[in-house]
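These notes concern the structure reproduced below.
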Amino acid sequence: MGALKDILFFVILLGVLIFVHELGHFMWAKIFGVKVFKFSLGFGRRLVGFRRGETEYVVSAIPLGGYVKMLGEGPEGGDGVDATVSDDPEARRPEDAGRALTDKPMWQRAVIIVGGPAMNLLFPILIYFFVFLGRDTILPASVGTVFAGTPAAAAGLQPGDLIVEVDGTTIHGFEDVVAEVEGRPGEPLEFRIRRGDEVFARRITPATAEEVIPIIGFVNEVGRIGVSPYYRAPILGPVEPAADTAAPLDLQPFDEVFALDGRRVRRHIDLERSRVGPDGRLDVGLLRGAPVATGLGTLFVAAAVRQSIRAAPGTPGDRALGATTSDLVVSRVRPGSPGDLGGLRVGDRLLRLDDKPLVTWLDVQLVPERDTAGPHTFLVARDGRELPVTVELHPETWRDPLGQEHHRFSLGVSGYTRSQTDDPVPNPNRVSRAFFGAFDETGNVIRLTALGFAAIFQGRVGVDTIGGPVLIFDVAAQSAEAGAVSFLWAMALISINLGILNLLPIPILDGGQLLFFGIEAIRRKPLSRKFKDRAQFVGLILILALVALALHNDIARRWSDILGLFGCN
């Protein structure tokens with residue numbers, strides 16, 4: 001049953017995209033008065049269909065393409081069939097004068113040809129519009145984390161601040177902040193910030209950051225001010241008992257505080273901003289991982305622990321607890337890893353990496369594209385003192401789902417932390433946000449897809465990333481399993497890929513026809529039928545080679561599954 005469902009989603013995805021492509025050709029042919037004999041989804045034997053007017057609409061047996069049959073597309077260069085054969089449905093009749101494709105001006109023929117791939121490139125706008133229209137809420141423009149050494153840190157922004165305006169533009173959500181900042185690196189911007197009941201201004205100049213596009217390796221320069229909407233969760237690191245606390249709590253590293261004096265605690269800054277009451281008593285609710293023996297081994301479950309402490313009235317909650325955040329505290333070291341061999345231990349707090357202060361685990365990420373292999377020195381806090389630990393890093397090779405090789409560094413240590421945002425806020429101007437967001441997203445995906453094609457032709461990305469029907473089948477099945485939005489997102493991505501592929505200047509593709517038109521316009525006379533036939537044959541060979549390569553890659557990606565069908569490992 002699951003396989004039938006996957007096949008259904010594959011047919012739906014491919015069928016919709018083929019229909020959209022052929023509709024582009026069909027629509028412009030009708031607009032310019034070209035006679036259309038047949039609109040077919042699929043190739044081969046006719047399964048179902050009907051005739052309306054002069055056009056037959058059919059669904060054919062092989063769902064890997066489609067076609068629009070127009071008068072003037074026959075092998076004789078436009079006449080198509082012999083007009084003296086009266087019973088031929090594609091015969092040129094006297095009333096069809098001027099209705100053949102070749103009777104039309106070159107610009108109209110070009111529009112008809114480009115209409116198919118253009119529809120594939122424009123269709124995602126509609127998809128993204130409805131996807132974005134379904135967003136009832138957006139992330140608020142609140143600051144959860146301020147990264148050290150960034151323009152936001154220099155301007156004094158703090159977690160909990162709310163950005164209400166950037167350079168005169170009202171800000172409704174965090175995505176608005178990104179939109180205003182990303183395209184303006186090095187340009188001073190006026191920010192209006194709300195902190196509690198206070199509203200103040202700060203002039204911040206976004207720093208220029210390099211954004212590496214995965215797989216294809218191209219680099220974008222974007223503006224960043226160094227804030228994130230994600231707060232640290234109130235998970236504790238190594239505990240340092242406060243000197244002014246009468247009876248220290250029995251706290252352990254990686255305990256999570258969920259309540260203080262009966263009030264819910266969601267963020268670490270809630271600990272910092274809470275105060276011990278006038279009675280000098282602080283009731284604390286904790287979640288602590290407790291080992292439980294099961295038939296599957298030892299599992300850790302969260303056990304609720306409640307404790308009380310006495311401290312001076314007005315003492316900040318984090319000071320009364322002696323609590324520090326678990327961010328950048330090592331909770332696991334993989335045996336034999338570079339971190340283990342270098343001397344990192346569970347409970348170490350990472351303070352600096354080489355000459356860079358660390359704020360979150362994101363700061364620990366080293367990538368071969370930007371950082372060098374070899375020794376890197378961490379400054380760590382351990383047992384109340386600071387000491388350097390040198391780790392030797394070497395790039396490792398891994399393959400992505402497309403089979404493309406990449407290099408990465410693996411430190412072999414991890415932490416136990418969690419981030420979260422403030423509660424979402426209502427999405428204002430849903431229609432306009434969906435409209436402009438759809439155009440922006442479509443433009444971005446077209447640009448990245450075109451860069452991907454360019455990277456393949458330049459040899460920067462291996463041809464083993466090219467996929468065929470099996471890859472599309474997998475994408476359709478997996479995205480459908482993830483939900484309707486994921487399926488629509490995949491459909492938009494594949495539509496753009498098909499649109500750009502069809503515009504490649506390869507004879508037999510739409511782009512090849514446009515190339516012929518361009519050559520004819522320069523020569524001021526049509527190309528010979530013999531030349532076109534030879535070019536079409538070369539184009540067919542290229543497309544068949546591309547299909548063979550795609551199928552080879554598809555099989556290589558699924559080779560282990562294929563072996564499994566025969567009981568092989």
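Quick caveat: nothing in here was measured; it's all calculated off a predicted structure.
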Flag the pair [X] / [Y] as yes when at least one side-chain heavy-atom distance between them is below 4.5 Å, and no otherwise.
X	Y	value
Ser410	Arg334	yes
Pro338	Glu392	no
Arg46	Glu56	yes
Val34	Lys104	yes
Met119	His25	no
Ile204	Ile225	yes
Val547	Leu551	yes
Phe191	Ile163	yes

Atom pair [atom1] ([X]) and [atom2] ([Y]), whose distance is rounded to the nearest 0.5 Å:
X	Y	atom1	atom2	answer
Ile446	Ile125	CD1	CD1	7.0 Å
Leu493	Thr449	CG	OG1	6.0 Å
Glu441	Ile127	CD	CD1	11.5 Å
Tyr231	Arg418	OH	CZ	15.5 Å
Leu498	Leu17	CG	CG	6.0 Å
Ile113	Leu509	CD1	CG	11.0 Å

Query raised in the report: Between Phe123 and Phe19, does a side-chain contact (heavy atoms from CB on, under 4.5 Å) hold up when you go through it step by step?
Result: CA-CA 11 Å; Phe123 179 56; Phe19 173 78; over 6 Å; no
Should [X] and [Y] count as an ion pair when the cut-off is N to O under 4.0 Å?
X	Y	value
Asp533	Arg529	yes
Lys38	Glu54	no
Glu22	Lys69	no

Keeping the roles fixed (side chain from [X], backbone from [Y]), state whether a donor-acceptor pair exists under 3.5 Å.
X	Y	answer
Ser40	Gly42	yes
Thr55	Val36	yes
Glu221	Thr208	no
Arg99	Gly33	yes
Arg109	Thr102	no
Ser486	Gly483	no
Ser495	Met491	no
Arg184	Gly223	no
Thr442	Phe439	no
Arg135	Ile138	no

Query - Geometric cation-pi criterion, Arg52 with Tyr57: 6.0 Å, 45° - result: no
What are the two closest non-hydrogen atoms of [X] and [Y], and how far apart are they?
X	Y	answer
Ala492	Pro124	O-CG, 3.6 Å
Ala438	Phe129	CB-N, 3.5 Å
Leu366	Phe409	O-CD1, 3.6 Å
Leu514	Ala110	CD2-O, 3.7 Å
Pro206	Leu189	CG-CD1, 3.7 Å
Phe516	Ala535	CZ-CB, 3.6 Å

[atom1] ([X]) with more than 12 external heavy atoms under 6.0 Å:
X	atom1	answer
Phe537	CZ	no
Phe132	CZ	yes
Arg534	CZ	no
Arg45	CZ	no

Query raised in the report: For the ring pair Tyr128 and Trp489, is the centre-to-centre distance below 6.0 Å?
Result: yes
**Report entry** Pairing residues for Phe174 by the ring-ring contact (aromatic ring centres under 6.0 Å, His included) criterion, not counting sequence neighbours
**Finding:** none
Report task. Please step through salt bridge (charged side-chain N to carboxylate O under 4.0 Å, His left out) for the pair Asp440 and Arg433, ending with a clear verdict. Result -> CA-CA 10 Å; Asp440 288 344; Arg433 279 178 175 270; over 6 Å; no
Query raised in the report: Pairs in or reaching into residues 137-146: which pass side-chain hydrogen bond (donor to acceptor under 3.5 Å, both in side chains), with residues at least two apart or in two chains?
Result: Ser142-Asp422
Query raised in the report: What's the verdict on side-chain contact (heavy atoms from CB on, under 4.5 Å) for Leu515 and Ile506, showing C-alpha distance, side-chain angles and the deciding distance?
Result: CA-CA 8 Å; Leu515 177 63; Ile506 299 175; over 6 Å; no
Query raised in the report: Between the side chains of Asn427 and His172, is a donor N or O closer than 3.5 angstrom to an acceptor N or O?
Result: no
Report task. Start with the C-alpha gap between His21 and Asp510, add the side-chain angles, then the distance that decides, and say whether side-chain hydrogen bond (donor to acceptor under 3.5 Å, both in side chains) holds. Result -> CA-CA 11 Å; His21 181 93; Asp510 295 329; 3.2 Å; yes
Query raised in the report: side-chain contact (heavy atoms from CB on, under 4.5 Å) between Leu411 and Val391: does it pass, once the steps are laid out?
Result: CA-CA 8 Å; Leu411 184 61; Val391 176; 3.6 Å; yes
Requested in this report: Give the intermediate values and the outcome of side-chain contact (heavy atoms from CB on, under 4.5 Å) for residues Asp363 and Leu353.
Outcome: CA-CA 8 Å; Asp363 298 324; Leu353 172 55; over 6 Å; no
